[in-house]
Amino acid sequence: MTETSVQSERTRVLGDELYAALRARATIEPLTSRYQGLSVEDAYHISLHLLERRLADGETIVGKKIGVTSKPVQEMLDVHQPDFGFLTDAMQYADGAVISLGASGLIQPRAEGEIAFILKEDLTGSNITRQDVLDATDAVAACFEIVDSRIRDWKIRIQDTVADNASCGVFTLGPERVAPSTVDLAVAQMRVSVNGKPAFTGFGSAVQGHPAEAVAWLANTLGRFGIPFRKGEIILSGSLVPLIPIQAGDRFDLEVDGIGRASVAFVE
């Protein structure tokens with residue numbers, strides 16, 4: 001999937017613009033409002049340029065993420081197909097971390113409760129199934145992904161969020177690790193509390209019917225771009241609950257039946 005010289009220049013310019021916004025904690029106008037013909041493939045190339053800038057800063061890839069997988073999230077964002085992006089070591093925080101919004105670079109963050117997959121084998125190709133994902137998974141864990149957008153006021157279409165690394169901010173994994181064979185991920189219930197008060201519940205089936213189904217979709221989508229899943233990588237499978245806006249002083253806790261807990265808090 002090669003680019004023309006015009007597309008390549010646009011990729012560089014927009015990738016640099018998103019990188020500058022990330023580092024400055026700033027937002028930019030939607031790419032789709034300025035480039036009407038921007039495709040998802042174009043957006044993916046922009047995201048790769050953004051990733052290259054981050055890797056040049058010393059970050060390393062630790063996994064991948066799929067987002068916008070559940071109907072509540074799709075309806076909130078008015079984006080009706082999944083997005084995909086990369087995780088780096090700079091995005092990962094320990095369970096229970098108190099994250100500074102300013103120091104972490106977060107701009108307009110929202111919390112998602114997810115199930116993360118930790119791989120014990122590579123996954124490569126374009127015909128990967130749910131069972132292939134489960135067979136290649138060492139463990140699953142409860143997870144908070146803190147999504148964020150460099151696009152002003154979250155006015156995104158699918159091309160905007162893909163270009164912006166799937167609107168990923170930071171993430172944290174809970175301490176427990178559970179073999180996927182020991183829990184029915186589709187019926188596992190998640191309970192999320194905000195500042196000690198119950199807020200949302202959701203089931204694994206909210207994510208394309210089964211979280212491993214979402215991971216298989218991501219593996220196949222990236223496989224078409226020649227990007228494999230690697231042994232040891234963390235794969236975030238998408239939120240089981242609606243997005244939750246974050247303010248300084250907030251604390252979030254979740255528990256997933258049969259898997260475990262995760263928590264995170266925020267300060268200015």
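Only a predicted model underlies this, so the values are computations on that prediction, with no experimental measurement involved.
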So, [X] side chain and [Y] main chain: donor-acceptor pair closer than 3.5 Å or not?
| X | Y | result |
| --- | --- | --- |
| Ser104 | Leu101 | yes |
| Thr88 | Ile61 | no |
| Arg251 | Phe266 | no |
| Gln108 | Ile151 | yes |
| Arg34 | Glu29 | yes |

Say you draw a straight line from [atom1] of [X] to [atom2] of [Y]; how long is it, rounded to the nearest 0.5 Å?
| X | Y | atom1 | atom2 | result |
| --- | --- | --- | --- | --- |
| Glu268 | Gln247 | CD | CD | 10.0 Å |
| His49 | Ile46 | NE2 | CD1 | 10.0 Å |
| Leu38 | Asp160 | CG | CG | 7.5 Å |
| Asp16 | Leu50 | CG | CG | 9.0 Å |
| Leu14 | Ser47 | CG | OG | 12.0 Å |
| Asp148 | Trp154 | CG | CH2 | 6.5 Å |

> With clusters built from Ile, Leu, Val, Met, Phe, Trp and Tyr whose side-chain heavy atoms come within less than 4.5 Å, directly or transitively, what are the remaining members of the cluster of Leu22, listed by chain and number?
Replying inline: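 Its cluster partners, ordered by chain and number, are none at all.
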For residues [X] and [Y], report the shortest heavy-atom separation together with the two atoms involved.
| X | Y | result |
| --- | --- | --- |
| Ile107 | Pro109 | C-CD, 3.5 Å |
| Ser33 | Pro30 | OG-O, 2.8 Å |
| Leu254 | Ala142 | CD1-CB, 3.5 Å |
| Ile156 | Thr161 | CD1-CB, 3.9 Å |
| Gly85 | Ala166 | N-CB, 3.7 Å |
| Ala186 | His210 | CB-CD2, 3.8 Å |

Is any side-chain heavy atom of [X] less than 4.5 Å from a side-chain heavy atom of [Y]?
| X | Y | answer |
| --- | --- | --- |
| Val192 | Leu240 | no |
| Phe203 | Met190 | no |
| Asp42 | Tyr35 | no |
| Arg150 | Tyr19 | no |
| Leu55 | Glu52 | no |
| Lys65 | Asn165 | no |
| Arg23 | Arg54 | yes |
| Leu18 | Leu31 | yes |

> Counting only heavy atoms not in Arg152, do more than 12 sit closer than 6.0 Å to its CZ atom?
Replying inline: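 Yes.
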Only distances under 3.5 Å count here; give the side-chain donor-acceptor pairs of residues 114-126 to other protein atoms, sequence neighbours excluded, each with its distance to 0.1 Å.
unit_1: Glu114; atom_1: OE1; unit_2: Gly238; atom_2: N; d: 3.0
unit_1: Asp122; atom_1: OD1; unit_2: Lys231; atom_2: N; d: 2.7
unit_1: Asp122; atom_1: OD2; unit_2: Arg230; atom_2: NH1; d: 3.4

>> Would Leu236 and Glu112 count as a side chain to side chain contact (heavy atoms under 4.5 Å, CB included) here? Give the steps.
In response: CA-CA 11 Å; Leu236 306 188; Glu112 294 187 330; over 6 Å; no
>> As a quick check of understanding, evaluate side chain to side chain contact (heavy atoms under 4.5 Å, CB included) for Leu48 and Phe225, giving each step before the final call.
In response: CA-CA 11 Å; Leu48 286 180; Phe225 289 97; over 6 Å; no
>> Suppose we screen for side-chain contact (heavy atoms from CB on, under 4.5 Å). Which residues come up paired with Val267, at least two apart in sequence or across chains?
In response: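 Once residues adjacent in sequence are excluded, the partners of Val267 under the side-chain contact (heavy atoms from CB on, under 4.5 Å) criterion are Val98, Ser100.
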>> Checking Ala141 now: which residues fulfil side-chain contact (heavy atoms from CB on, under 4.5 Å) with it, not counting sequence neighbours?
In response: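 By the side-chain contact (heavy atoms from CB on, under 4.5 Å) rule, Ala141 matches Arg177.
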>> Give me each pair satisfying ring-ring contact (aromatic ring centres under 6.0 Å, His included) with a member in residues 81-105, each pair once, sequence neighbours excluded.
In response: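 Checked against ring-ring contact (aromatic ring centres under 6.0 Å, His included) - neighbours excluded - the pairs reaching residues 81-105 are Tyr44-Phe84.
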>> Does anything in residues 185-195 form a side chain to side chain donor-acceptor pair (under 3.5 Å)? List the pairs, not counting sequence neighbours.
In response: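 The answer is Gln189-Arg191, Arg191-Asp257, Asn195-Asp250.
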> Given the rule in the side chain to side chain contact (heavy atoms under 4.5 Å, CB included) test, do Asp95 and Ser263 qualify, once you have shown the distances and angles that lead to the verdict?
Replying inline: CA-CA 6 Å; Asp95 179 61; Ser263 64; 3.9 Å; yes
Linked, directly or transitively: [X] and [Y] (ILVMFWY side chains, under 4.5 Å):
| X | Y | result |
| --- | --- | --- |
| Leu218 | Leu134 | yes |
| Ile234 | Ile259 | no |
| Val133 | Val62 | no |
| Phe200 | Val256 | yes |
| Val207 | Val215 | yes |

> Does the side chain to side chain contact (heavy atoms under 4.5 Å, CB included) test come out yes or no for Leu51 and Glu59, once each step is laid out?
Replying inline: CA-CA 9 Å; Leu51 177 66; Glu59 298 181 36; over 6 Å; no
> With respect to Trp217, which candidate in Leu222, Ile66, Ile128 satisfies the side chain to side chain contact (heavy atoms under 4.5 Å, CB included) definition?
Replying inline: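 With Trp217 as partner, Leu222, Ile66, Ile128 yield a single side chain to side chain contact (heavy atoms under 4.5 Å, CB included), made by Ile66.
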